[in-house]
There are 2 protein chains.
Amino acid sequence: MDFKAAAPVGFRPLYLQVREELTRYLTNGRWQPGAMLPSEQELARELGVSQGTVRKALDAMTAESILVRRQGRGTFVPELEEGRIMFKFFRLYPDKGERLFPVSKVLSSQLARAAAAEAAALDLKKGATVWRINRLRYHGERIMLRETISLSADRLPGFGDLAAIPNNVYRLYSERWGVTIVKIAEKLKAVAASPADATELGCKEGMPLLRIERIAYDLNKTPVEFRVSHCLTETMHYASDLS
Amino acid sequence: MDFKAAAPVGFRPLYLQVREELTRYLTNGRWQPGAMLPSEQELARELGVSQGTVRKALDAMTAESILVRRQGRGTFVPELEEGRIMFKFFRLYPDKGERLFPVSKVLSSQLARAAAAEAAALDLKKGATVWRINRLRYHGERIMLRETISLSADRLPGFGDLAAIPNNVYRLYSERWGVTIVKIAEKLKAVAASPADATELGCKEGMPLLRIERIAYDLNKTPVEFRVSHCLTETMHYASDLS
DNA sequence: CAGTGGTCTAGACCACGTA
DNA sequence: ACGTGGTCTAGACCACTGT
């Protein structure tokens, strides 16, 4: 590594360079989900920096939930088991009672030309091919939402060959293509249920629905997934914490 | 201070104790908004810990936006000028175009007995007295939302004596009562416009509105404000970033 | 130039989990 | 008992800001 070659101008802190190097190891598969990283001391030796500098990089990554550290055990690449990533990026809660595991039912899955909104969200050329999945999701017996997921066919090749699309797609992206979702941007609105919404969700046309437009980004800040959800919020709410 | 008296059990890191002490200085008014804190070295001497420990406490507080640090200048208590705190906790954006400064119009302001929802949100006894403010807010010429703000009359005494309620109430809480809002929890739903909503917002009854229930907490994590907003989201959206 | 926060280092010791 | 991350210290040097 050309660490420490930093000139006074265009200065870039060492720990950020270490952070980038470690991120590289994650994207190129040196450490798989669930794996334990070498100790701080070992990493420091390997990268030719001090242990404190490695620590600062690891702390930054921990703050972003890219890594998990446990005192006395070690530093780990997070497992994407159901129930962790599921709830991490899933902000819908029942107004009362236990949070149940969402259940999904795929309605359709097909290849299509990217619409303007999809191309803009995924940073694709208009007309590029995308996978488009329609599905319903339930909270217990109760239907919760209807959503369309759009994916770049180039970035996730062979997506359509899958026999089934699992409930937790982010785990799938990771296991199948090594794509780790770390950041999500959502835009929320209240909209009236369209005829199609009414049919699928079993509600009246015009019923107020929470519309969530989501763009999911991977470790390299590349947009990977675009998703539009229409949610019934009579007994559920979306939680947002600001600080 | 009884720093360093920590026994092996019930262990509490030094930098957290420092953090608490500094937070105390903020709540008891030693440092007002806009003030510059002593340098890390001075604080370290004053508190009898090392500069690195002070730094760790300051970093934690900076991460929460309780303090602001600027290289070469110093560490400051954030000013609550319009446009900073305003936008910090305000997640509504226009779908296109510039973000304008919200304008508020107070409809009513009165003392009342806390309803169940207010008492629960503000952690008050049912029937305690609260200030209840109704107002409208505009994005440019366009009406954006209608909201009711509920405040514990005990915690913000004399609120009703104010000649006018400013647009930026969080600045007011800080300047008048030394109450700094640092954390906000919101619950979002889509609801149909009630007759009252329709009248105030100039929309049809039944129009889908984004309902935002907010609880605002101060430095001590005490709930200070409960607010319910009903927003028109035809040309606006609520932005939420998860990571 | 002086003073501030920001980075980096090196080393000591502590708390935690596991064997 | 051992290895891990977590805390704490002390000191050097760098980058940024204002005088």
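By convention in this document, chain letters (A, B, ...) are assigned in the order of the sequence lines, proteins followed by strands, and residues within each chain are numbered from 1.
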Could you check which residues of residues 70-78 of chain A get a heavy atom under 4.0 Å from DNA chain D? Sort them by number, please.
-> A:Arg70, A:Gln71, A:Gly72, A:Arg73, A:Gly74, A:Thr75
Is any side-chain N or O of A:Arg55 under 3.5 Å from a base N or O of D:dG6, one able to act as donor and the other as acceptor?
-> yes
Whole-Å gap separating C1' (D:dA10) and CD (B:Gln41) = 10 Å
Testing D:dT9, D:dG6, D:dT7 for proximity to the side chain of B:Ser50, the answer is D:dT9
Give the rounded distance in Å between these two atoms: CD of A:Gln17 and P of D:dC14.
-> 16 Å
Electrostatic pair A:Arg45:A:Glu42 at N-O distance under 4.0 angstrom = no
Backbone of A:Asn167 reached by a side-chain donor or acceptor of A:Arg135 within 3.5 Å = yes
Judged by modelled atom types alone, do A:Tyr238 and B:Ser240 share a side-chain donor-acceptor pair under 3.5 Å?
-> yes
Would you check if there is a donor-acceptor pair between the side chains of B:Asp95 and B:Thr235 at a distance under 3.5 Å?
-> no
Flag, side chain of A:Lys189 to backbone of A:Arg211, donor-acceptor distance under 3.5 Å = no
Short side-chain N/O contact to D:dT7 OP1/OP2 from B:Thr53, under 4.0 Å = no
Between C1' of D:dC8 and CG of B:Leu47, the distance in whole Å = 15 Å
Selection residues 26-37 of chain A - residue pairs positive for side chain to side chain donor-acceptor pair (under 3.5 Å), sequence neighbours left out | A:Arg30-A:Glu46
Using whole Å, report how far CD of A:Glu40 lies from C1' of D:dG3.
-> 12 Å
Spacing between B:Gln51 atom CD and C:dG5 atom P, to the nearest angstrom = 8 Å
Separation of atom CG in B:Leu58 from atom P in C:dT7, rounded to whole Å = 14 Å
Flag yes if more than 12 heavy atoms outside B:Arg142 fall under 6.0 Å of its CZ atom; otherwise flag no.
-> no
Separation of B:Met36 atom CE from D:dC16 atom C1', in whole Å?
-> 13 Å
Nearest-Å distance, CD (B:Glu42) to P (C:dG3)?
-> 11 Å
Give a yes/no answer on whether the side chain of B:Lys56 brings an N or O atom under 4.0 Å of OP1 or OP2 in D:dC8.
-> no
